Amino acid sequence: MQHYTHSLLTLRFSTLFFHAPMAFSHDLEVESSSPPLVFDVRRSEPELVAPAKPTPRENKLLSDIDTQAGLRIQIPIIQFYRNNQSMAGKDPVKAIRHALAETLVFYYPLAGRIKDGPDGSLVVDCNEEGVMFIEADADITLQQFGHTIKPPFPNFEELLYQPPGSEAVTNTPIFIIQVTRLKCGGFILALRFNHTIVDGVGVFQFATTMAGIARGVLQEPPFEPLWHRDLLRARDPPRVTFNHREYEQLTDSGDAVQQNFEQRSFFFGPAETAAIRALLPRDLDQHATTFEVLTSYVWRCRTRALQFNPKEDVRMMCIVDARGKFTSALLTNYYGSCFGFPASVAAAGELSSEPLEYAVRLIQKARSEVSEEYVHSVADLMATSGRPLFTVVRSCLVLDTTDIGFRDLDLGWGKAVYGGMAVAGAGTFPAVNFHVPSQNAKGEEGIMVLVSLPSQVMKIFAKELDDNLVKTNTTI
Ligand SMILES: *[C@@H]1O[C@H](CO)[C@@H](O)[C@H](O)[C@H]1NC(C)=O
Ligand SMILES: *[C@@H]1O[C@H](CO)[C@@H](O)[C@H](O)[C@H]1NC(C)=O
């Protein structure tokens with residue numbers, strides 16, 4: 001039984017999303033000025049998908065990393081798939097719904113509901129209520145999205161519907177999943193997860209099993225999903241052993257209040273990355289990862305564009321997956337949040353005027369801090385300091401998803417054309433950038449950096465990015 005609600009698109013797409021071509025000489029922006037895409041999405045009533053078999057009924061406590069204020073948000077992921085002749089007659093909605101129910105048997109806490117526990121803790125009630133699933137059809141082809149599929153996606157709120165009442169409350173489904181068939185036989189899988197119970201790597205592990213089951217090559221996870229949240233609970237007695245500048249609670253001096261954020265994706269192909277690397281001394285160039293180089297470059301351009309008081313501190317906080325930093329192998333297949341994001345801190349003036357090397361060294365130093373001890377120290381800080389939010393004033397968070405593998409997730413229709421983060425920003429905090437693996441129109445591999453900035457600043461930022469690349473040939 002399907003009840004379709006017909007939702008005619010009445011949204012006007014802001015011209016902000018479709019810029020007139022700017023003078024980008026380095027292919028930073030692959031496409032521009034296409035007319036706004038307008039299409040209809042017919043959606044069925046959201047349904048709950050429960051585990052395919054009975055699962056344990058129990059309450060499970062989340063960790064002190066999970067329970068930090070900054071994770072009480074939902075993060076959207078989106079996957080675009082082409083039509084595939086070998087799948088003729090197969091329905092992606094059916095295949096995914098089935099695989100989802102099977103996967104939830106192994107990840108049954110995700111089919112439960114999160115509740116408040118004692119002392120600000122969180123508990124998941126494993127009650128098999130299920131995750132929310134939405135079936136949809138869009139009258140558009142994949143080709144119409146253009147050569148390079150990248151955020152911001154037109155009509156995104158129709159591709160990942162947010163049923164009223166499903167946001168910002170406990171007691172709601174942990175995942176919302178929408179599968180939208182496209183006119184060409186391709187489809188879009190969009191998923192929104194509550195970050196208090198899984199992180200990006202955890203969602204990827206879940207999705208890997210779901211994809212394997214959908215393809216018919218798996219019947220269970222290739223590895224046992226591990227709960228073990230006790231491993232990341234505060235120690236007794238708690239010992240905060242690092243100076244966690246990523247959780248400093250600053251009062252805003254006025255210049256950091258920004259509104260009207262706009263999203264844009266910038267592609268850094270081999271040429272752009274080489275031009276930026278040429279700004280660095282050779283030894284540093286050889287010892288810096290592409291993520292570090294691009295993050296430093298974006299941080300500096302962003303700081304210049306935002307024109308903060310030069311004496312004020314700015315922060316770049318790089319999320320570092322910590323699973324591999326633990327001596328215990330139990331963390332390998334852990335699907336809760338297991339990361340740190342130490343802040344690189346610099347005076348805005350200094351960061352803007354110093355050579356790029358300055359930023360790269362700060363970023364490298366901060367990232368290298370993440371260790372097993374570091375994560376325990378964060379858990380202890382959470383338990384003893386009221387589970388603070390990360391620093392939001394003049395700060396930016398960044399996550400590198402290039403190695404997670406979302407683009408390679410094959411549900412039977414081959415690899416995704418675009419896979420991973422659906423929007424820049426996280427919840428009400430817009431200053432979150434993502435690095436997503438991508439290709440430009442020429443088919444060259446590179447990194448798409450999803451950026452969100454106040455709209456009046458975005459143009460200045462884009463010009464900063466470009467100017468610096470142009471200057472590369474002449475000055476260092
Ligand atoms: C995520 O779950 C937590 C814990 O239940 C809750 O406080 C928060 O509101 C949820 N976030 C969203 C955006 O649903
Ligand atoms: C079609 O799907 C098969 C099986 O997943 C995959 O191996 C193949 O690469 C896909 N073809 C295209 C054109 O994506």
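Note that the coordinates shown come from a computational prediction; the quantities given were computed from them, not determined experimentally. We count ligands from 1, going down the list as the structure has it; atoms in each ligand are counted the same way. All heavy atoms count here, side chains included; hydrogens, waters and symmetry mates do not. Nothing fancy with the numbering, it's 1 onward along the sequence.
No cation-pi contact links R192 to Y161, judged by a cut-off of 6.0 Å to the six-membered ring centre and 45° from its axis.
No salt bridge links R394 with E248; every basic N to acidic carboxylate O contact stays at or beyond 4.0 Å. Residues R235 and D380 are paired through a salt bridge, judged by an N-O separation under 4.0 Å between the basic side chain and the carboxylate. For the pair K183 and D137, the salt-bridge criterion is not met [side-chain N within less than 4.0 Å of a carboxylate O].
At a 3.5 angstrom cut-off on N or O pairs, T172 does not count as close to ligand 1. The N/O atoms of K115, backbone and side chain alike, include none that comes under 3.5 Å of an N/O atom in ligand 1.
Protein non-hydrogen atoms do reach within 4.0 Å of atom 11 (N) of ligand 2. Within 4.0 Å of atom 7 (O) of ligand 2, not a single protein heavy atom is present.
Of the protein's non-hydrogen atoms, the one nearest atom 9 (O) of ligand 2 is G414 CA, 4.6 Å. In this structure, atom 4 (C) of ligand 2 lies nearest to the protein heavy atom G412 O, 3.6 Å.
The distance from ligand 2 to the heavy atoms of D410 drops below 4.0 Å at these ligand atoms: 5 (O). Interface atoms of ligand 2 facing W413, defined by a heavy-atom separation under 4.0 Å, are 2 (O), 14 (O). Those atoms of ligand 2 with a heavy atom of N84 less than 4.0 angstrom away are 1 (C), 2 (O), 3 (C), 8 (C), 10 (C), 11 (N), 12 (C), 14 (O). The atoms of ligand 2 that sit less than 4.0 Å from any heavy atom of S86 are 1 (C), 2 (O).
A side-chain hydrogen bond (donor to acceptor under 3.5 Å, both in side chains) with R43 is found for one member of E135, E158, Q178 and no other, namely E158.
Using bins of under 30°, 30° to 60° and over 60° for the plane-to-plane angle, the ring pair F153/F80 lands in the tilted bin. Between H244 and Y247, the ring planes lie perpendicular to each other; the angle is over 60°, past the 30° to 60° tilted range.
The environment of CZ in R82 is sparse: at most 12 heavy-atom neighbours from other residues, nucleotides or ligands sit within 6.0 Å.
Taking only non-hydrogen atoms, the option from R72, R192, Q74 nearest to atom 14 (O) of ligand 1 is Q74.
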